[in-house]
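Order of the sequence lines sets the chain letters (A, B, ...), proteins ahead of strands, with each chain counted from 1.
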Amino acid sequence: MQERYEPAAVEAEAQQFWNRERSFEAKEDPGRQKYYCLSMFPYPSGRLHMGHVRNYTIGDVLSRFMRMNGRNVLQPMGWDAFGLPAENAAMANGVPPAKWTFGNIATMKTQLKSLGFALDWSREITTCRPEYYRWNQWLFLRMLEKGVAYQKTGVVNWDPVDKTVLANEQVIDGRGWRTGALVEKREIPMYYLKITDYAEELLDALDGMQGWPERVRAMQANWIGKSVGVRLGFPYDIEGLGAGVLHAFTTRADTLMGVTFCAVAAEHALAAWAARNNAPLAAFIEECKRGPAIESELATQEKKGLPTGLSVRHPISGEELPVWVGNYVLMSYGDGAVMGVPAHDERDFEFAKKYHLPIKPVIDVAGREYSLHQWAPWYAEHGRCVNSGKYDGLEYQAAVDAIAADLSRLGLGEKRITWRLRDWGISRQRYWGCPIPVIHCGACGTVPVPDDELPVVLPVDLVPDGSGNPLLKDEAFLAVSCPRCGAKARRETDTMDTFVDSSWYFLRFACSDNGKAMLDSRVQYWAPVDQYIGGIEHAILHLLYSRFWTRFMRELGMVAFKEPFANLFTQGMVLNEVFFRKPDAGRVEYFNPADVEVTLDSTAQRRIAVLRSDGLEVESGGVVTMSKSKNNGVDPQALVDEFGADTARLFTMFAAPPEQTLEWSDEGVQGAYRFIKRLWKAVHEHVSQGLPRPLDGAALNDAQRAIRRQAHQTLAKITDDIGRRRTFNTAIAAAMELMNALAKHGQSSPQDRSVMQEALEITVLGLSPIIPHATHAMWRALGHERALIDEPWMQVDTEALQTSSINLVVQVNGKLRGHITVAAGADEAAVRGAALADPHVQKFIGAGQVRKVIIVPGKLVNVVV
RNA sequence: GCCCUCGUGGCGGAAUCGGUAGACGCAACGGACUUAAAAUCCGUUGAGAGCGAUCUCAUCCCGGUUCGAGUCCGGGCGAGGGCACCA
């Protein structure tokens, strides 16, 4: 063993060993319990970032730990390789997206390998390869057959200059990001997947998903958004239009008698009809339609409306109610119309105040006074009906029931459940994605591509120029004959949302080499995923789509389970300080923390940050998520090159619990490096004197026994912290404590050296999931033939944990007043006697009367005076 | 606005089921080694009082439950994240 710790050599050696032995290639083995550990696969954006390192280290620690605990572990890796950034890069550099993507994959694969992750590369998946995406197409055709995939029109952002569809993120302040042209809304036919058919099931199943964080389950439940209420009808008979009913959904049918107006969305049919010869209204409707596309922007805009001049009748009272167009009414939710109850809905209240519409309180909340001038939150609370005729005095549920029954009798309403969840639109008018396998024929219409003609292969050599989908100009791709009638036809040029690619990749890892079928029997062995690890940003879409997709596959008999991810772990983000200068004119300039030197001023009170290149001060903008825009990222590769992969891994696992945010700290990295060096040195010093004789537990003195006890306590803690609590930071802290104790203990006698050998083995093996390379080398040095990765996890020796006496804390009235030592088996009377006899305790009892003595076995004694 | 999470030293954090608050690390300070620096090693480090043994205070604030509260409950303040004109 080398005296100096040289990470580059140590890590190369370990990685070569794992490669040579194919240590991480997983084999199906029905005789062994499997453990499928999966980290969310990366988008090949260029280089790894610290978020990747954190994500994949968490997965790697769990994988290696479970493997040593006897599980048959599968930890695969792949590439979520379709997507918009490749097209952007293509436009910027004139390189086909495929070339850019594959170049990035090569770079990032090298980086992942340098970090020593225990990945089974033989199962690697790349979603932009036909071998993968042909199964997207195949399953899409099954969805078409079952009616789960269907066509309807949808609204897209249209750039009139580039004549292209823009993603929301390409629209900046209502203008195209490249052309600056005002973006138009266009309705075009698109494919949708009927996820709403699964809404109830996707929601109900959340309750049983104990392996998922509460937070993620809550987010999904909110997203699905089940509302139980009443769909009611406001009848009308409008000259020229005739008789009809305006439908609206409400969760507060008990407030029906407080309705003073109705409001409809700009896109509503009644609004369109009223606007025929009402120019101001038509203009307002246009304004609403041109308004913000993103709902969060909609939220901040002022509530506006215009009367349509039309009126409807109240379903119970028959009263005439004016119909308004409101910019706060969404066409996509419910029926695109709301009943306006200003007294009990804040938005309606604001609207009514602004346009001087009547406000009629009809709910009495615990006798509190209602003001027509200022909104109070409790106006929306449930209460007793008042001012509501025959419904007066009824509580919420009774009122809803009575009103729903009356409406039903009148044919003007029924109880109904409304969902927030909408169907999943998967059509993208973009090149770099999986082609949707349909053909447009002049005679036959839209015809699915027959299975035996799959895959529809995407050409890989096109370079998008920003003006429309390049597939539209690619005759070789476009020209096709109709599978039904044989006539000349045209291929669909829309591609699929990349969330389709990631909705089932976790199953394909079980059988990535199968060229004949999407899945095979090996899936039954590996799936579902035992532990899924990824960022909270995927809490809703990716995870919900995957749950939906899995359910559909189950209906086809392809898998036997409903939930694809038994346990979910969401790791926190990686933050770093941000440095900038803000010139009087011009844009803020951000500087990478690597180029900034931070020192303390002479009084050590103030931190001064200086840019190395010019020696001038820069401002600190606090600690925020690492991002390109803030230029505060740390390149993991630089870290690996300077300190090694083990240090990078150790720091990211030690600095914070894995689900919390992690603040970057260069000094913290030094600390991690220092610890590995210390451990290395301790092992080197120990083994350079030769290996000791086997440990004889009975021959130890008290000090040796104490060290041995701490070693086994540490093993127990590391095992529990990694295996159950997932608090890798405290596992590392325990190992550090043990090292500190060993350094103090010293070693001279043969027994000392035997105890030391065991303690070092525990430390090395216990930390091996986190720092696998250095521990691989140290394990060999400690005299083991077998590679550490192939060793079983060590078992705690309960014998070693035994003590003859224990220390107890004594409190008087809950305050710490003394310490006592009693025999391990001491009974309560003995403990009580010892506690009361302690001079410190006596002092605090003083003249008082001892009323009660509480004994918590093994922990403390509390004397109540 | 709603939902979720969280407020602990100079900093990151620990305290797992209500039982010794501040483990471990960083930074800082003092010392050893060195011609010197780096590296390494040893020590000190929540605040206040005291020569000292010790004592008092202290986990965002106010109240409560309890023998005992960082932890549980109620109310507030603050931060972060998610969702959002969702009727």
What is the nucleic acid contact for [X], judged by heavy atoms within less than 4.0 Å: base, sugar-phosphate only, or nothing?
{"X": "A:R851", "answer": "nothing"}
{"X": "A:V809", "answer": "base"}
{"X": "A:F351", "answer": "nothing"}
{"X": "A:T250", "answer": "sugar-phosphate"}

Indicate, yes or no, whether a donor-acceptor pair under 3.5 Å links the base of [N] to the side chain of [X].
{"X": "A:R674", "N": "B:U40", "value": "no"}
{"X": "A:K717", "N": "B:U16", "value": "yes"}
{"X": "A:N327", "N": "B:C85", "value": "yes"}
{"X": "A:E667", "N": "B:G25", "value": "no"}

Subject >> Chi class for B:G9: syn within 90° of 0, otherwise anti >> reply: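 B:G9: syn.
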* Base orientation of B:C83, syn vs anti, 90° cut from 0 ->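 This nucleotide is in anti.
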With a 4.0 Å cutoff (strictly under), does any side-chain N or O of [X] reach OP1 or OP2 of [N]?
{"X": "A:K859", "N": "B:A15", "value": "no"}
{"X": "A:R725", "N": "B:A15", "value": "yes"}
{"X": "A:N729", "N": "B:A23", "value": "no"}
{"X": "A:R817", "N": "B:U54", "value": "no"}
{"X": "A:R678", "N": "B:C41", "value": "yes"}

Sort out the partner of B:G68 for me: Watson-Crick or G-U wobble, both distances under 3.5 Å, none otherwise.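 Its partner is none (no Watson-Crick or G-U wobble pair with both distances under 3.5 Å).
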